[in-house]
Amino acid sequence: MFDLSGRVALVTGAGSQRGIGQAIARALAAQGAAVAVADIEAAGAERIATEIESSGGIARSYVLDVTDERAVQTVVDRIIRDLGALDILVNNAGITQPISVKDMTLADWNRVMTVNATGTFLCSRSAIVHMQSRRFGRIINISSVSGKRGGGVYGGAHYSAAKAAILGFAKALAREVAPSGVTVNSVAPGLILTDIRGGVESEAEQCEISRDIPLQRIGLPEEVAATVCFLASTEAGYITGEEVDINGGSHID
Ligand code: NDP
C-alpha cells in the first residue's frame with residue numbers, strides 16, 4: 001500500500017537539514033516517487049537530493065523562493081521537463097517569528113504572510129494546471145496548530161493568520177479542482193523537533209514543553225512525513241479538503 005512509484009513530487013522548503021521538508025522528501029522517495037527537492041538556499045536542497053540519490057532514490061534539487069511568482073512558474077515547468085510530470089505538491093516552505101502584535105511592523109506581517117500563505121497559493125496555482133490536464137494530482141499543505149487554536153509559544157499572530165489562511169485556501173481549492181481528480185489536503189503539526197525556532201531546545205526545555213503535551217513529547221519530522229505520504233497515495237483518493245492534526249493531543253477538536 002501507499003506505493004508512489006512513477007509519481008513525481010515537489011517539496012518546497014526541503015533543504016533544511018533537520019526540517020519537516022527534508023523528512024517528507026526522503027519519505028516520498030522511499031515510497032518510490034521521484035522528488036524535486038526545492039529550497040530558497042541551493043546548498044541545502046542539493047545536499048538532501050544527493051543523500052536521497054545515494055540511498056537509491058530519485059531526486060533533483062531546485063533553488064526556489066516560493067514568494068517569487070515568475071520563479072515558481074519557471075521551476076514547475078523545469079520539473080515537468082526534467083522529471084516528466086508533477087503529481088504531488090507539498091507546500092512546506094514556511095517561516096515564523098515570535099513577536100506580539102503591538103511590536104509587529106507591517107513588514108513583519110507581510111513577510112510571514114507572503115512566505116507561508118502567498119507561497120502556497122503561487123505553487124498550487126502553477127501545479128494545478130498540469131495536474132488537471134492529467135486528471136490526477138495531490139496537493140498537501142503544511143499548516144500548523146497555531147492556525148487552528150491561535151498563537152503558540154513560537155509564532156506571532158501573523159503566523160497564526162497565515163496558517164489559518166492556508167486551511168481556508170485548501171478547502172476552497174479542493175472544491176474547485178475535485179472534478180478533475182486533484183485532491184487538496186492540509187496537515188496541522190503541533191510542535192515538531194526542527195530548527196525553525198532558531199535552534200533546537202535544550203533537553204531541559206524540551207521536558208518543560210513536553211509537560212503540556214498529552215503525549216508528553218515533541219513530535220518528529222518523520223511523523224509528519226508519514227501522514228503526507230498517505231495523503232499523496234492513490235489509496236487516499238477519496239480524501240479532499242481535509243486537515244489532519246499531528247500534535248500529540250495538544251489541540252483536539
Ligand atoms: P525549517 O526552518 O527547518 O524549514 C523551512 C525551510 O523553508 C527552510 O529550509 C527555509 O530556508 C525554507 N524557506 C524559508 N523561506 C522560504 C522561501 N521564501 N521559499 C522557499 N523556501 C523557504 O522549518 P520546519 O521544518 O520546522 O518547518 C516546515 C514547515 O512546517 C513550515 O511551513 C512550518 O511553518 C511548519 N510547521 C512547523 C512546526 C514545527 O514545530 N517545526 C509546527 C507546525 C508547522 P531558510 O532556512 O534558508 O530560511
Side-chain angles (χ1 to χ4, degrees), residues 10-27 36-49 61-72 75-76 89-98 110-123 126 140-156 158-167 169-170 186-201 205-206 209-210 213 217-225 227-228 243-248 250-251:
L10 161 60
V11 186
T12 66
S16 175
Q17 193 62 28
R18 300 160 51 88
I20 293 171
Q22 60 81 28
I24 293 170
R26 291 180 205 276
V37 179
D39 199 278
I40 194 166
E41 198 237 325
E46 276 165 25
R47 196 171 47 232
I48 302 299
S61 65
Y62 298 86
V63 178
L64 176 60
D65 176 350
V66 296
T67 69
D68 181 337
E69 182 175 18
R70 190 176 299 181
V72 167
V75 168
V76 165
L89 166 66
V90 184
N91 286 309
N92 169 77
I95 55 168
T96 186
Q97 182 190 27
N110 284 340
R111 199 167 57 89
V112 170
M113 288 299 288
T114 305
V115 176
N116 290 285
T118 309
T120 295
F121 153 64
L122 290 175
C123 293
S126 288
I140 300 139
N141 304 308
I142 311 301
S143 177
S144 167
V145 68
S146 301
K148 298 187 68 178
R149 72 167 182 208
V153 192
Y154 298 100
H158 50 358
Y159 182 69
S160 293
K163 292 302 192 184
I166 288 172
L167 296 177
F169 172 72
S186 306
V187 298
L191 204 61
I192 305 295
L193 205 56
T194 73
D195 295 334
I196 196 170
R197 296 172 296 278
V200 171
E201 299 79 11
E205 286 165 331
Q206 286 182 31
I209 293 166
S210 301
I213 301 171
R217 66 177 177 84
I218 297 176
L220 301 174
E222 292 72 21
E223 292 175 307
V224 178
T227 299
V228 170
E243 58 201 43
V244 181
D245 292 332
I246 308 171
N247 61 31
S250 59
H251 177 75

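All values below were derived from every heavy atom in this structure, side-chain atoms included, with hydrogens, water molecules and symmetry-related copies excluded. When a ligand or atom number is given, it counts from 1 through the structure's own listing order.
Listed by number with element, the atoms of ligand 1 under 4.0 angstrom from any heavy atom of Gly94 are 5 (C), 7 (O), 31 (C), 32 (O). Numbered from 1 in the order shown, with element, the atoms of ligand 1 that lie under 4.0 Å from a heavy atom of Gly19 read 3 (O), 25 (O). Close approach of ligand 1 to Asp65 is summarised as follows: ligand atoms under 4.0 Å from at least one heavy atom of the residue are 17 (C), 18 (N), 19 (N).
At a heavy-atom distance under 4.0 Å, no atom of Ala38 approaches ligand 1. Residue-level proximity to ligand 1 for Thr194 is carried by the side chain, the only part with a heavy atom below 4.0 angstrom. By the criterion of a heavy-atom distance under 4.0 Å, the side chain of Ile95, and not its backbone, is placed next to ligand 1. Only the side chain of Val115 comes within contact range of ligand 1, with a heavy atom under 4.0 Å; no backbone atom does.
Atom CE of residue Met113 and atom CD1 of residue Ile166 lie 9.0 Å apart, to the nearest 0.5 angstrom.
Looking from atom 37 (C) of ligand 1 to the surrounding protein, the closest heavy atom is Ile20 CD1, 3.7 Å. Ranking protein heavy atoms by distance to atom 43 (C) of ligand 1, first place goes to Pro189 O, 3.3 Å. Summary of contacts: the protein heavy atom closest to atom 29 (C) of ligand 1 is Asn92 O, 3.1 Å. With hydrogens left out, the protein atom closest to atom 7 (O) of ligand 1 is Gly13 CA, 3.5 Å, a heavy atom. The closest protein non-hydrogen atom to atom 13 (N) of ligand 1 is Ile40 CG2, 4.0 Å. Nearest non-hydrogen protein atom to atom 27 (O) of ligand 1 is Ile196 CD1, 3.7 Å. Regarding atom 34 (O) of ligand 1, its nearest protein heavy-atom neighbour is Tyr159 OH, 2.5 Å. Looking from atom 20 (C) of ligand 1 to the surrounding protein, the closest heavy atom is Leu64 O, 3.1 Å.
In terms of polar-atom proximity, Leu191 is not counted as a contact of ligand 1, lacking any N or O under 3.5 Å from an N or O of the ligand. Among the atoms of Ser16, some N or O lies under 3.5 angstrom from an N or O of ligand 1. Any N or O atom pair closer than 3.5 Å counts here, and Arg18 shares no such pair with ligand 1. Note: an N/O pair closer than 3.5 Å links Asp39 and ligand 1 by distance alone.
Across Asn92 and Gly13, no two heavy atoms sit closer than the pair ND2-O, 3.1 Å. In this structure, Arg217 and Ser210 approach most closely via the heavy-atom pair CA-OG, 3.5 Å. Here the closest heavy-atom approach between residue Ala38 and residue Leu64 is recorded as CB-CB, 4.0 Å. Cys123 and Val66 get closest at one heavy-atom pair: SG-CG1, 3.8 Å. For the residue pair Ser146 and Ser160, the shortest heavy atom distance occurs at O-OG, 3.0 Å. The two atoms that bring Tyr62 and Ala36 nearest to each other are CE1-CB, 3.6 Å, heavy atoms only.
In this structure, atom 46 (O) of ligand 1 is not in close contact with the protein, since no protein heavy atom lies within 4.0 Å of it. Checking atom 32 (O) of ligand 1 against the protein gives a heavy-atom contact under 4.0 Å.
For the ligand labelled ligand 1, residue Gly190 lies inside the 4.0 Å heavy-atom shell. Put simply, part of Lys163 is less than 4.0 Å from ligand 1, judged by heavy atoms. Heavy-atom distances between Thr12 and ligand 1 stay at or above 4.0 Å for every pair. Within the 4.0 Å heavy-atom shell around ligand 1 one finds Ser143.
A donor-acceptor pair shorter than 3.5 Å cannot be found between the side chains of Arg18 and Gln22.
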Next item on the list: Could you check Val37 against Asp39 for side-chain contact (heavy atoms from CB on, under 4.5 Å), going step by step and ending with a plain yes or no?
Entry: CA-CA 7 Å; Val37 179; Asp39 199 278; over 6 Å; no

Next item on the list: In sequence, state the C-alpha distance, the side-chain angles, and the governing distance for Ile142 and Ile24, and then conclude on side-chain contact (heavy atoms from CB on, under 4.5 Å).
Entry: CA-CA 11 Å; Ile142 311 301; Ile24 293 170; 3.9 Å; yes

Check: Which is it for Ser143 and Lys148 under the side-chain contact (heavy atoms from CB on, under 4.5 Å) test, yes or no, and what are the steps along the way?
Finding: CA-CA 9 Å; Ser143 177; Lys148 298 187 68 178; 5.6 Å; no

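Side-chain N or O atoms of Thr12 include one that pairs as donor or acceptor with a backbone N or O of Ala93 at under 3.5 Å.
A heavy-atom distance below 4.5 Å is not found between the side chains of Glu223 and Pro189. Side-chain contact between Val145 and Lys163 is absent, with no heavy-atom pair separated by less than 4.5 Å. Ile209 has its side chain within reach of Leu191: a pair of non-hydrogen atoms, C-beta onward, lies under 4.5 Å apart.
The option with the heavy atom closest to atom 21 (N) of ligand 1, from among Ala71, Ala93, Gly155, Gly119, is Ala93.
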